[in-house]
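Data first, discussion second: the structure below is written as structure tokens.
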Amino acid sequence: MKFMKLGSKPDAFQSDGADVRYVISDLATDVIVHVSEVKFYLHKFPLLSKSSKLQRLVIKATEEGTDEVHIDGFPGGVTAFEICAKFCYGMVVTLSPHNVVAARCAAEYLEMTEDVDKGNLIFKIDVFINSSILRSWKDSIIVLQSTKALLPWSEELKVIGRCIDAIASKTSVDPANVTWSYSHSRKGMSCTEIVESTGRTSIAPKDWWVEDLCELDVDLYKRVMVAVKSKGRMSPELIGEALKAYAVRWLPDSYDALVAEDYMRRNQCLVETIIWLLPSDKTSGCSCRFLLKLLKVAILVGAGQHVKEELMRRISFQLHKASVKDLLLPAASPSDGAHDVKLVHNLVQRFVARTAMSHNGGFVEKSDDKMIELNFEQESTLALGELVDGYLSEVASDPDLSLSTFVELATAVPEAARPVHDSLYSAVDAYLKEHPNISKADKKKICGLIDVKKLSTDASMHATQNDRLPLRLVVQVLFFQQLRAGSSNALALTDGGGHTCAKPIMKDQSDICERRIPRHPNSLNKQATSLSAREVEHRKSEHRGGGRNSFKDQLGGFLLQSRSRRIFDKIWSSKGQGENGKGSETSGSSQSPPLSAKPADVKPSPLPPLRNRRYSVS
């Protein structure tokens, strides 16, 4: 920190209580100057020899027959006037970054210019600011921070502008040429260390200036960052890092402190300023997590709609990089539940629309750049599917979450984002668990989101034992489990039997399932009856023949669980109702397997066990 001493005489100012200052001298004082609530008993000659303002005030007081002068609204207050008075007496005065702006404004008010006396206070302070203060990184920040209490004087004297220019210029310096002290928080450390310039051989990091600027008030910080960005030498990532550090420094962590009445307006101004300063490049500079945190704060402090809109537009460019915890945004109204699911739905829609526009209907060219872009779009789409399903699982426990809101968000994700429906199944199950009293129609609607063909083996096994699911959905899961197990078992037998014929090419397991589904609506009852009869016959033969050719082997290794048998028993008991077309709980998903297949699509299979087996489902 830089200092400047003026004058050579010892300090002779004394205090008599809190509101009286006087000078120890053999000569009696002949003028009383009132500054705020303090009286200064001084001598006219030293004051009038340095200040044009005091000359006029004293002459006016003399004409009015008094020796008292009143000064209202003095910049810098009592302390600044005392500095000026001591300078007039030639006493020792120490200027520092903390008081130099106040002294400069006070000298301007008292008109202590070169016209009155050579080497006057204004001249000496300007020399100190230009030669020392503005050349020092930390002193420039201290002086700039002190200017806020001296507005509009500090603005009119261009002290603020000069400090901002000096600071912005230093931030643009090559880190290898940084030779001054600065504060810097090392990654992984909670404390901030002051890096001194003496004896330092290492190169300063690119973000060496970020921590020190965090000490500025929001208005001054905004002006400094505008100047820094105008230099055009800072990357968007570094600007984003600086804004994040400032937000961490000033935005409180607790909800109560954030929305406290005394600080609500300050926090609102702070978050709006940070958003206004975000890099112009919307795809870089700030992480999606940081932007979502800003959006959360903006909602809580009641920021303007234009602020939220700007954040949502930026978030939509990188929504796939967010986490479920980041998306747990508070609802604007308590009636909407704990979380703002509609806002997340809006973000998902924006992301999907932007992704669709980016590739404009697909990639025709097969260049490396196009393929790289295509792979990125596929990865981001898959990441979005995982994110939305995880978010649905989290918010499904909210008792105030409506079914329509849940379904709208689930269907906002394109089908390509969900190659597997395990996470979606978990979300639906969580919703059914939290909302057990929903109607059969609503249950059918939400379960219609699940495609049983895209469930893994573990999820399918869980679904067959899940009492919350509609019966028809469980039957469909059982059906595809049987086909999957039977197909894999038949292929294993073919491989182990030494057949030399070529294996049939299977496009997709779901295609096999669809081709084997008959049209008859009552075929499920027939299948259940057939399976039951075969099981009875199997048990008899097992009792006679020692268990060879077991029923489990005939079903391709799939053993029906206890609930599966209960399901089929229920179907048998309601067989007559199903034939009459009456609605029942077996109403299932909208993505269930089709109940008809074209005979021409069925390719001949070299596997006799599978070709001779018939399945049906209603």
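Note that these values count all heavy atoms, side chains included, but never hydrogens, waters or copies made by symmetry. This is a predicted model, so every value here is computed, not measured.
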Would you say [X]'s side chain and [Y]'s backbone share a donor-acceptor pair under 3.5 angstrom?
| X | Y | answer |
| --- | --- | --- |
| Ser132 | Ile129 | no |
| Ser131 | Val127 | yes |
| Lys229 | Leu277 | yes |
| Trp137 | Ala166 | no |
| Gln14 | Val23 | no |
| Asn267 | Met264 | no |
| Thr405 | Leu401 | no |
| Asp398 | Ala338 | yes |
| Ser15 | Gly17 | no |
| Asn99 | Thr94 | yes |

Cation over ring, [X] on [Y], under 6.0 Å and within 45°?
| X | Y | answer |
| --- | --- | --- |
| Lys222 | Trp276 | yes |
| Lys2 | Phe128 | no |
| Arg266 | Tyr263 | no |

Flag if over 12 foreign heavy atoms under 6.0 Å of [atom1], [X]:
| X | atom1 | answer |
| --- | --- | --- |
| Lys296 | NZ | yes |
| Asp253 | CG | no |
| Lys244 | NZ | no |
| Glu64 | CD | yes |

With a 4.5 Å heavy-atom cut-off, do [X] and [Y] have their side chains touching?
| X | Y | answer |
| --- | --- | --- |
| Ile142 | His98 | yes |
| His339 | Tyr391 | yes |
| Asp174 | Arg233 | no |
| Asp67 | Val58 | no |
| Met4 | Lys124 | yes |
| Val218 | Ile274 | no |
| Val116 | Gln55 | yes |
| Asp217 | Tyr221 | no |

Roughly how far, to the nearest 0.5 Å, is [atom2] of [Y] from [atom1] of [X]?
| X | Y | atom1 | atom2 | answer |
| --- | --- | --- | --- | --- |
| Leu270 | Glu272 | CG | CD | 10.0 Å |
| Leu278 | Ile239 | CG | CD1 | 10.5 Å |
| Leu150 | Leu157 | CG | CG | 9.5 Å |
| Met312 | Leu343 | CE | CG | 4.5 Å |
| Asp126 | Ile133 | CG | CD1 | 12.0 Å |
| Leu48 | Lys53 | CG | NZ | 14.0 Å |

Could you report the tightest heavy-atom contact between [X] and [Y], atom names first, then the distance?
| X | Y | answer |
| --- | --- | --- |
| Asn120 | Thr113 | ND2-O, 2.8 Å |
| Pro279 | Gly240 | CG-N, 4.3 Å |
| Val101 | Ser146 | CG2-OG, 3.5 Å |
| Ser154 | Cys105 | N-SG, 4.0 Å |
| Ala242 | Val210 | CA-CG1, 3.7 Å |
| Ser323 | Leu387 | C-CD1, 3.6 Å |

Is it true that [X] and [Y] make a salt bridge, defined as a side-chain N closer than 4.0 Å to a carboxylate O?
| X | Y | value |
| --- | --- | --- |
| Arg104 | Glu156 | no |
| Lys86 | Asp11 | yes |
| Lys118 | Glu114 | no |
| Glu386 | Lys321 | no |
| Lys39 | Asp19 | no |
| Lys50 | Asp117 | yes |
| Glu241 | Lys206 | no |
| Glu215 | Arg249 | yes |

Task: Derivation of the salt bridge (Lys or Arg N to Asp or Glu O under 4.0 Å) call for Lys138 and Asp212 - done: CA-CA 8 Å; Lys138 285 188 170 293; Asp212 288 322; 3.0 Å; yes
- [ ] Check step by step if salt bridge (Lys or Arg N to Asp or Glu O under 4.0 Å) holds for Arg223 and Glu155.
- [x] CA-CA 13 Å; Arg223 296 180 61 176; Glu155 189 71 67; 2.8 Å; yes
Open item on the list: Here's a test for you: under side chain to side chain contact (heavy atoms under 4.5 Å, CB included), which of Val388, Val352, Asp389, Thr381 qualifies with Val413?
Closed with: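 The residue from Val388, Val352, Asp389, Thr381 that satisfies side chain to side chain contact (heavy atoms under 4.5 Å, CB included) with Val413 turns out to be Val388.
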Open item on the list: Please verify the inter-ring angle class for Tyr109 with Phe74; under 30° counts as parallel, over 60° as perpendicular, anything in between as tilted.
Closed with: perpendicular
- [ ] Verify whether one side chain among Asn130 and Arg135 offers a donor that lies under 3.5 Å from an acceptor in the other.
- [x]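 The answer is no; no qualifying pair exists.
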- [ ] Using distance alone, with no hydrogens and no angle criterion, decide if His43 and Tyr89 have a side-chain donor and acceptor under 3.5 Å apart.
- [x]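 Side chains of His43 and Tyr89: pair found under 3.5 Å.
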Task: Derivation of the side-chain contact (heavy atoms from CB on, under 4.5 Å) call for Val159 and Arg162 - done: CA-CA 5 Å; Val159 177; Arg162 286 187 287 171; 3.9 Å; yes
Open item on the list: Is it the case that the ring center of Tyr22 lies less than 6.0 angstrom away from the ring center of Phe40?
Closed with: no
Task: Test side-chain contact (heavy atoms from CB on, under 4.5 Å) applied to Ser169 and Lys231, step by step - done: CA-CA 8 Å; Ser169 298; Lys231 298 289 183 181; 3.6 Å; yes
TODO: Would you please test Trp209 and Met234 for side-chain contact (heavy atoms from CB on, under 4.5 Å) and show each step?
DONE: CA-CA 12 Å; Trp209 50 274; Met234 289 294 172; 3.5 Å; yes
Task: side-chain contact (heavy atoms from CB on, under 4.5 Å) between Val271 and Val307, intermediate numbers included - done: CA-CA 9 Å; Val271 70; Val307 173; 5.5 Å; no
